[in-house]
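Here the structure is a predicted model, which is why all the values come from computation and not from measurement. Protein chains get the first letters and strands the later ones, always in sequence-line order, with residue 1 at the start of each.
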Number of protein chains: 4
Amino acid sequence: MPKLGMEPIRRDALIKAAIAEIGAQGSLDVTVGRIAKRAGMSSGLAHHYFGSKDAMLLAAMRHLLAVYGSEIRAALQASDGPKARVEAIVRVSFSGSNFRREVVAAWLNFYVMAQHHDAAARLLRVYQARMRANLRHAMRPLAGARAPQMAEAVAAMIDGCYLREALGSGQPDGARAVAQVQAWVEAAMTGVET
Amino acid sequence: MPKLGMEPIRRDALIKAAIAEIGAQGSLDVTVGRIAKRAGMSSGLAHHYFGSKDAMLLAAMRHLLAVYGSEIRAALQASDGPKARVEAIVRVSFSGSNFRREVVAAWLNFYVMAQHHDAAARLLRVYQARMRANLRHAMRPLAGARAPQMAEAVAAMIDGCYLREALGSGQPDGARAVAQVQAWVEAAMTGVET
Amino acid sequence: MPKLGMEPIRRDALIKAAIAEIGAQGSLDVTVGRIAKRAGMSSGLAHHYFGSKDAMLLAAMRHLLAVYGSEIRAALQASDGPKARVEAIVRVSFSGSNFRREVVAAWLNFYVMAQHHDAAARLLRVYQARMRANLRHAMRPLAGARAPQMAEAVAAMIDGCYLREALGSGQPDGARAVAQVQAWVEAAMTGVET
Amino acid sequence: MPKLGMEPIRRDALIKAAIAEIGAQGSLDVTVGRIAKRAGMSSGLAHHYFGSKDAMLLAAMRHLLAVYGSEIRAALQASDGPKARVEAIVRVSFSGSNFRREVVAAWLNFYVMAQHHDAAARLLRVYQARMRANLRHAMRPLAGARAPQMAEAVAAMIDGCYLREALGSGQPDGARAVAQVQAWVEAAMTGVET
DNA sequence: AATGAATGAGGATTCATTCAT
DNA sequence: GATGAATGAATCCTCATTCAT
């Protein structure tokens with residue numbers, strides 16, 4: 001039971017617990033008490049480290065976005081050529097840490113949070129803009145002037161697939177989602193190039 | 001003097017008020033009291049007619065889905081040929097009663113509701129299945145064996161565009177959304193037919 | 001158990017209970033729950049009628065000041081001549097509803113409340129100003145130009161006696177307090193007239 | 001390296017911080033944490049030195065009374081003749097360390113504390129008795145048999161002036177208060193001697 | 001039908017206090 | 001001596017829900 005430098009450990013545990021709890025419960029109606037218990041501490045301590053429930057949820061959201069963002073960056077750097085880059089973005093979106101049931105549920109709830117929480121809305125807009133930019137950049141060599149429009153469309157499709165998984169009953173099937181979006185991209189490219 | 005036939009009027013007013021309140025507030029954290037006040041009655045009366053908050057919200061959701069469904073049906077009947085039918089579905093999705101700011105916000109919240117409310121989830125799945133079926137049916141003559149897959153994709157895109165509008169700050173722009181999805185459908189078709 | 005028009009009854013009961021509770025407890029650290037219980041209702045109802053703890057305490061303070069003010073007015077109207085009017089003010093200050101142990105304790109606490117609650121401070125200042133004006137007016141015929149100064153002094157003495165009673169252990173002795181202040185007024189008058 | 005003799009320094013700092021904090025906040029609703037921070041240490045340390053919040057506040061009160069008492073003693077020793085002694089008491093009450101805004105606020109709060117804290121009440125009564133004795137003693141040569149009564153009255157007036165300052169908005173004006181009480185004493189004396 | 005009264009459970013938040021280091 | 005971690009009780013407030021009229 002170490003007594004110093006607990007802050008990062010506790011904050012981390014709380015963020016993870018918050019995401020898990022939102023995922024499990026399927027809504028933002030989640031109590032600080034339950035999150036704290038899931039993280040193995042008292043609700044008082046949660047407040048000690050985050051100051052408020054909102055701040056804690058916001059931190060959780062930021063965490064999700066940060067993980068997503070860094071995975072995207074890593075995948076982009078490891079990719080060669082426009083096609084590979086587009087595919088990387090799609091793949092990361094539906095894989096690993098970003099596409100577990102509870103995480104998808106949390107995402108959906110953060111979308112709702114953004115509707116009445118300014119900071120959350122800003123956060124989300126920044127990430128969406130970055131995502132669009134990534135897609136545009138990757139698509140420029142393939143689609144030329146139509147890249148912006150296509151980037152927009154691919155982003156919409158990714159979001160749409162997320163939504164479907166958020167509502168489906170089983171574990172999300174990342175491979176299928178990737179295949180679907182990819183197929184769509186291929187088809188559209190062909191259409192474009194025609 | 002007991003007013004006759006008040007029930008449907010009251011229920012209707014409450015449902016509309018619930019949707020408006022959810023839209024205005026941007027979350028499901030909406031109180032029966034406020035909904036009732038918006039509908040011009042006491043919270044007691046709201047319970048009298050719906051029995052519970054959940055039942056009222058569910059009725060509101062059902063209402064949204066019913067309106068959507070009937071508009072789709074009407075548009076399909078008025079359309080001639082596969083292309084027109086696909087377009088009708090897209091157009092209805094982004095127009096009129098279904099694409100006002102507050103309604104989009106309410107939709108998003110009902111998605112969340114479906115995560116922890118069984119009846120809501122069932123309702124949503126039924127409607128989504130019907131929508132897919134409509135799309136598949138309309139696309140079969142155009143895409144043959146790939147129709148199911150394409151229907152799925154168009155549905156995802158519609159949902160994705162909804163999501164974007166739910167997070168945008170201004171009034172949703174239905175025309176732009178229709179144009180985008182249509183363009184995409186065209187391109188994909190071309191690709192497919194190639 | 002009447003079901004209509006409860007509001008004034010409940011508000012009144014809560015105000016009285018608040019004063020009693022503050023008096024009994026000797027501090028503003030009084031819970032809404034205890035006040036409500038003393039008034040025979042749930043804490044929820046107290047909030048229903050006052051909106052907040054602060055508003056309730058403020059109403060209690062206002063009540064004390066209003067009672068005091070109206071008793072002063074009544075006594076002034078029943079008094080003939082300057083001397084009688086000064087005496088009336090002194091007498092009312094130390095009698096009846098204003099000089100019970102619990103009420104004196106509540107007064108003291110409202111003084112504290114005025115230190116960090118703007119509305120409370122304003123309320124208190126208005127009443128103090130009115131009190132000074134009453135005293136000045138009554139003293140003018142007796143003390144001429146020195147009336148303002150003497151009014152100030154009498155007011156200070158009244159407050160001082162209140163304070164002593166607030167700290168004493170037994171039931172406050174109004175008669176003694178009146179006699180003391182009156183004796184002092186007499187002596188000072190004589191001094192002045194010399 | 002254990003610092004030697006830190007205890008008195010720490011205790012002193014905490015007492016001063018407590019008074020300042022009560023003065024600044026205008027109420028006894030003051031947290032150990034804030035007091036400790038103001039004194040430049042952790043809340044844990046505050047407990048280490050005082051054992052409890054109550055004990056700390058009591059020590060602060062004792063400090064105020066002790067300072068007041070010793071200043072009175074010093075002024076009395078430096079005064080020659082009854083009149084000078086009475087004046088000394090009045091002057092000290094409204095000067096220097098005893099009549100700063102925050103200190104007056106703290107006094108008021110200690111009066112409240114005395115209502116539900118036995119030790120505080122005892123403390124206050126002892127000091128008030130001593131004060132009365134001082135005044136009586138100083139007044140005996142001037143007022144003879146009426147000295148007790150007059151001492152009582154002067155004490156009440158001093159308290160009353162304190163109260164007024166506690167509620168005023170600006171910095172307390174000691175000179176004015178002294179002048180007022182003195183004028184009053186003079187007038188009463190003249191009246192008495194007549 | 002309709003209201004407003006009433007309850008009571010539940011949740012965020014604050015804080016004194018304790019304890020391991 | 002000193003800190004910051006940690007707890008848990010206490011409190012305000014909100015709200016769905018019930019009920020008498």
- Could you tell me which residues satisfy side-chain hydrogen bond (donor to acceptor under 3.5 Å, both in side chains) with B:Glu102, sequence neighbours excluded, listed by chain and number? B:Arg100
- Note on the structure: Contacts of D:Ser43 and C:Lys53 projected onto DNA chain F by closest heavy atom; the upstream (5') one is D:Ser43
- Task: Could you list the residues that satisfy side-chain contact (heavy atoms from CB on, under 4.5 Å) with A:Tyr127, not counting sequence neighbours?
- Result: A:Leu65, A:Ala66, A:Arg130
- Query: Nearest to the side chain of A:Leu45 - E:dT3, F:dT7, F:dT3?
  - Reply: F:dT7
- Query: A:Glu21 has an atom CD; how far is it from atom C1' of E:dA12, in whole Å?
  - Reply: 16 Å
Please tabulate, one pair per line, all N/O donor-acceptor pairs under 3.5 Å involving side-chain atoms of residues 38-45 of chain A, not counting sequence neighbours.
| residue | atom | partner | partner atom | Å |
| --- | --- | --- | --- | --- |
| A:Arg38 | NE | A:Glu21 | OE1 | 2.6 |
| A:Arg38 | NH2 | A:Glu21 | OE1 | 3.1 |
| A:Ser42 | OG | A:Leu45 | N | 3.3 |

- Expressed in angstrom and rounded to an integer, what is the separation of A:Met56 atom CE from E:dG11 atom C1'? 13 Å
- Please walk me through it: do B:Asp29 and A:Asp29 pass side chain to side chain contact (heavy atoms under 4.5 Å, CB included)? CA-CA 8 Å; B:Asp29 273 342; A:Asp29 273 341; 3.3 Å; yes
- Residues in side-chain contact (heavy atoms from CB on, under 4.5 Å) with B:Lys16, at least two apart? B:Asp12, B:His63
- Note on the structure: For A:Gln115, the side-chain hydrogen bond (donor to acceptor under 3.5 Å, both in side chains) test, sequence neighbours excluded, returns none
- Rounded distance (Å) that lies between atom C1' of F:dC15 and atom CG of B:Leu57: 14 Å
- With sequence neighbours excluded, what pairs up with D:Ala119 under the side-chain contact (heavy atoms from CB on, under 4.5 Å) test? D:Leu58, D:His117, D:Arg122
- Message: Checking B:Thr31 now: which residues fulfil side-chain hydrogen bond (donor to acceptor under 3.5 Å, both in side chains) with it, not counting sequence neighbours?
- Response: none
- Item | Members of residues 22-37 of chain D that approach DNA chain F, where some heavy atom sits under 4.0 Å away | none
- Message: Run through DNA chain E and report every stem of 3 or more consecutive Watson-Crick or G-U pairs, distances under 3.5 Å, ordered by first number.
- Response: E:2-21 with F:2-21
- NA contact type, D:Phe50, heavy-atom cut-off 4.0 Å: base, sugar-phosphate, or nothing? nothing
- Note on the structure: From CD1 of C:Ile9 across to P of E:dG4 the rounded distance in Å is 16 Å
- Message: Under 4.0 Å from OP1 or OP2 of E:dA1: is there any side-chain N or O of B:Tyr49 that close?
- Response: yes
- Nearest to side-chain heavy atoms of C:His47, which nucleotide of F:dC12, E:dT13, F:dA5: F:dC12
- Task: On DNA chain E, check which nucleotide each of A:Asp54 and B:Gly44 is closest to and give me the residue with the more 5' one.
- Result: B:Gly44
- Along DNA chain F (nearest heavy atom to each residue), the more 5'-positioned of A:His48 and B:Ser52: A:His48
- Item | Candidate nucleotides F:dT7, F:dT3, E:dA2, ranked by approach to the side chain of D:Met41 - the nearest | F:dT3
- Would you indicate whether the side-chain heavy atoms of D:Trp107 and D:Ile19 approach each other to under 4.5 Å? no
- Task: Starting at atom CZ of A:Arg11, determine the distance to atom C1' of F:dA5, rounded to an integer number of angstrom.
- Result: 15 Å
- Given E:dA2, F:dG8, F:dA5, the nucleotide with the shortest approach to the side chain of B:Arg10: E:dA2
